[in-house]
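Encoded as structure tokens, the structure appears first; notes follow it.
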Protein chains: 2
Amino acid sequence: MNKTEIIPAGLPIAAVERDTGLLKDTLRVWERRYGFPQPLRDANGERLYPPEQIARLRQIKRLIDQGMRPGKIFAADDATLGEWLGKEESRQAAPAQCAELIALLQAQRSEELRSALQQNLLRHGLQRFVVELVAPLNIEVGLAWLRGEITVGEEHLYTEQLQNVLRGAVHALRIPGAQPRILLTTLPDELHSLGLLMAEALLVPEGAHCTSLGTQTPLGDIVSTATGGAFDIVALSFSPHYPARQAWAHLAELRRLLPASIALWAGGRHLCERAPAIEGLRYLAEIDEVLIALEAWRAPA
Amino acid sequence: MNKTEIIPAGLPIAAVERDTGLLKDTLRVWERRYGFPQPLRDANGERLYPPEQIARLRQIKRLIDQGMRPGKIFAADDATLGEWLGKEESRQAAPAQCAELIALLQAQRSEELRSALQQNLLRHGLQRFVVELVAPLNIEVGLAWLRGEITVGEEHLYTEQLQNVLRGAVHALRIPGAQPRILLTTLPDELHSLGLLMAEALLVPEGAHCTSLGTQTPLGDIVSTATGGAFDIVALSFSPHYPARQAWAHLAELRRLLPASIALWAGGRHLCERAPAIEGLRYLAEIDEVLIALEAWRAPA
DNA sequence: TCAACGTTTTGTCCAGGACAAAATGAACAA
DNA sequence: TTGTTCATTTTGTCCTGGACAAAACGTTGA
């Protein structure tokens, strides 16, 4: 007597919130204002979102995270929307490894995923591992989510395993008393710690001393730790989700509060376009630019 | 020109949702029905929850997770409520180490936390580490959250670091071809993976072969993997949050689907009280009972 | 190029109603 | 006692449609 497997016409609103990261309130107000999404209704009048609409919501979410506004997105037709999204995909070909790793992720084989990452790390060394595998893999994982090939939970599993591997490697390479002294963290409302860890993984092998404050450090704490701890550089990481304008404002404030002797770096591709130039603030679009920045910092000294 | 630091009369509803894990809808309907919480209002008529009310909400959440119902909780006075909560606290004295580790957590010193855990692991060995430090520490971390001493984010940081350490240790100890073969996982809607990892950490040193499917495995997949992979035991983990009745129902179903030759274990203290006895299903109240269960499994063979 | 200012867009909050799923308790049978 | 069935209560989540502040935009003027 098997439970009859009901093929659902769609997912309820709570599931869509989990899948897309869009709040229920937002989903409802979009429906009211823009006429999309337009979910089916179950017998009780509750929304049921068909898979196609959820897929499109993921695309819209992605564009909004890139700074585009709903008004424009909803006004655009399918072709235009595809074009906007297409840019990212064609940036560069993903390494062959990526597909295998994502397959492991889809199968929830976390242990094998970890081993595979670890192996690649040992084969190529920490820095090449980060630049040549992890950076493109991050993009591929994001795209896989966009296509609905992996869930949010699996994405989370990925960052977790990757952090394990990176932390272990960074820890083993750490040298006490190295120079320069770099303070890594993120601002409040920014939870993404992966960027920090990747930067650390590139910097520590170059003989830099890195201290990570973790995520969500208030401005005041950054300033007091940086000055009190005799740091040479403060490096902040911003995920694509972080509103660029807010980032710029906070960075200007932070630059004002820090003594001029301490350098300030800001990582995050989306910050670099149309960014206001600030004296004594260096933007890093790609992860490997931290190495260039480090070299530049060392040159005059 | 410092930004004037406004001392807030309370937190907005979205912040309370993050802090307590109670949905905005739930907070509002409780206010309507039970008259609690009764937040202040800002100039715009929006709710502002004072810290005392948030503290009480945390307590209420804790009791609900333990299976108590809102009706009873809201009817009780302060003394009764404190009594209900007190039971847990007095269960046993926490190891001295705990306080230091929680202090590291509060300071967001994730790297030091990891090192401290790693050291303790090396000093006492994996099994004692899990039973004597991790298990009580988990409880202490939960209580610290209850007291508002650590945030949800910090709690998350804790599990992350702990998982790093445990995974590394388990990985190093793994022996191919060991017996018995144990399949570890959780049911859908259950995200807590820490219990699985702790069980694995106790079982692997005993020469068991453990495979973890991660969290949220559908019943059918558990059955097919267990039978197809020639497993001897299926072990499921349930966090306190998981509704006990649902767990029992699913376990009965799973027991029905699995061949009798495969043992079934269910870990989670709250499942054990008033649990329906099911032939061929073993409940594990405390983490260290997996060792007893393993011994018992081996005895007749 | 930049600053200032009015307008539009947009996410989140609110009230109060509704209902299904879960839990309880009562009645009854083994 | 133990277990089963069924009506009743409890409880979380969803609904509609309105409102508003903060953010983004675009225009003007230096």
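Model, not experiment: these values are computed from the prediction. Below, chains carry the letters A, B, ... as their sequence lines are ordered, and counting in each starts from 1.
Salt-bridge annotation for B/Arg41 and B/Glu31: present, with a side-chain N of the basic residue lying under 4.0 Å from a carboxylate O of the acidic one.
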I'd like a list of close polar pairs between nucleotides 3-9 of chain C and the protein, N/O only, cut-off under 3.5 Å.
none

Could you list, one pair per line, each protein nitrogen or oxygen that sits under 3.5 Å from a nitrogen or oxygen of nucleotides 14-18 of chain C, together with the distance?
from: C/dC14; atom 1: OP1; to: B/Arg47; atom 2: N; distance (Å): 2.6
from: C/dC14; atom 1: OP1; to: B/Arg47; atom 2: NH1; distance (Å): 3.1
from: C/dC14; atom 1: OP2; to: B/Arg28; atom 2: NH1; distance (Å): 2.7
from: C/dC14; atom 1: OP2; to: B/Arg47; atom 2: NH1; distance (Å): 3.1
from: C/dC14; atom 1: O5'; to: B/Arg47; atom 2: NH1; distance (Å): 3.0
from: C/dA15; atom 1: OP1; to: B/Arg41; atom 2: NH1; distance (Å): 3.3
from: C/dA15; atom 1: OP1; to: B/Arg41; atom 2: NH2; distance (Å): 3.2
from: C/dA15; atom 1: OP2; to: B/Arg47; atom 2: NH1; distance (Å): 3.1
from: C/dA15; atom 1: OP2; to: B/Arg47; atom 2: NH2; distance (Å): 2.5
from: C/dG16; atom 1: N7; to: B/Arg32; atom 2: NH2; distance (Å): 3.0
from: C/dG17; atom 1: N7; to: B/Arg32; atom 2: NH1; distance (Å): 3.0
from: C/dG17; atom 1: O6; to: B/Arg32; atom 2: NH2; distance (Å): 3.4

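To the nearest 0.5 angstrom, B/Glu154 atom CD is 13.5 Å from B/Trp145 atom CH2. Atom CD1 of residue B/Ile13 and atom CD of residue B/Glu46 lie 9.5 Å apart, to the nearest 0.5 angstrom. Atoms CG and CZ, from A/Asp78 and A/Arg56 in turn, are 4.5 Å apart once rounded to the nearest 0.5 Å. To the nearest 0.5 Å, the span separating CG on B/Leu157 from OG1 on A/Thr215 amounts to 7.0 Å. The distance from atom OH of B/Tyr49 to atom CD1 of B/Ile54, rounded to the nearest 0.5 Å, is 9.0 Å.
Using a 4.5 Å cut-off on side-chain heavy atoms (C-beta onward), A/Leu40 and A/Arg47 make no contact.
Computed from coordinates, the A/Asp42 CG to D/dC15 C1' distance equals 11 Å when rounded to whole Å. Taking atom CD1 on B/Ile64 and atom P on D/dT10, their separation rounds to 15 Å, with Å as the unit. Whole-Å rounding puts the B/Ile73 CD1 to C/dA23 P distance at 14 Å. As rounded to whole Å, 14 Å separates atom C1' of C/dT10 from atom CZ of A/Arg245. Spacing between atom CG of A/Leu63 and atom P of C/dT10 amounts to 13 Å, rounded to whole angstrom units. One can place CE of B/Met68 at 17 Å from P of D/dT10, the figure rounded to the nearest angstrom. To the nearest angstrom, P of C/dT12 lies 5 Å from CG of A/Leu23. Atom CG in B/Leu57 sits about 12 Å away from atom P in D/dG12, given to the nearest Å.
Residues passing the ring pair (Phe, Tyr, Trp, His ring centres under 6.0 Å) test with A/Tyr158: none are found, sequence neighbours excluded.
Checking the phosphate oxygens (OP1, OP2) of D/dT13, a side-chain nitrogen or oxygen of B/Thr26 falls inside 4.0 Å.
Inspection of the B/Ser224 and B/Asp221 side chains reveals no N or O donor paired with an N or O acceptor under 3.5 Å.
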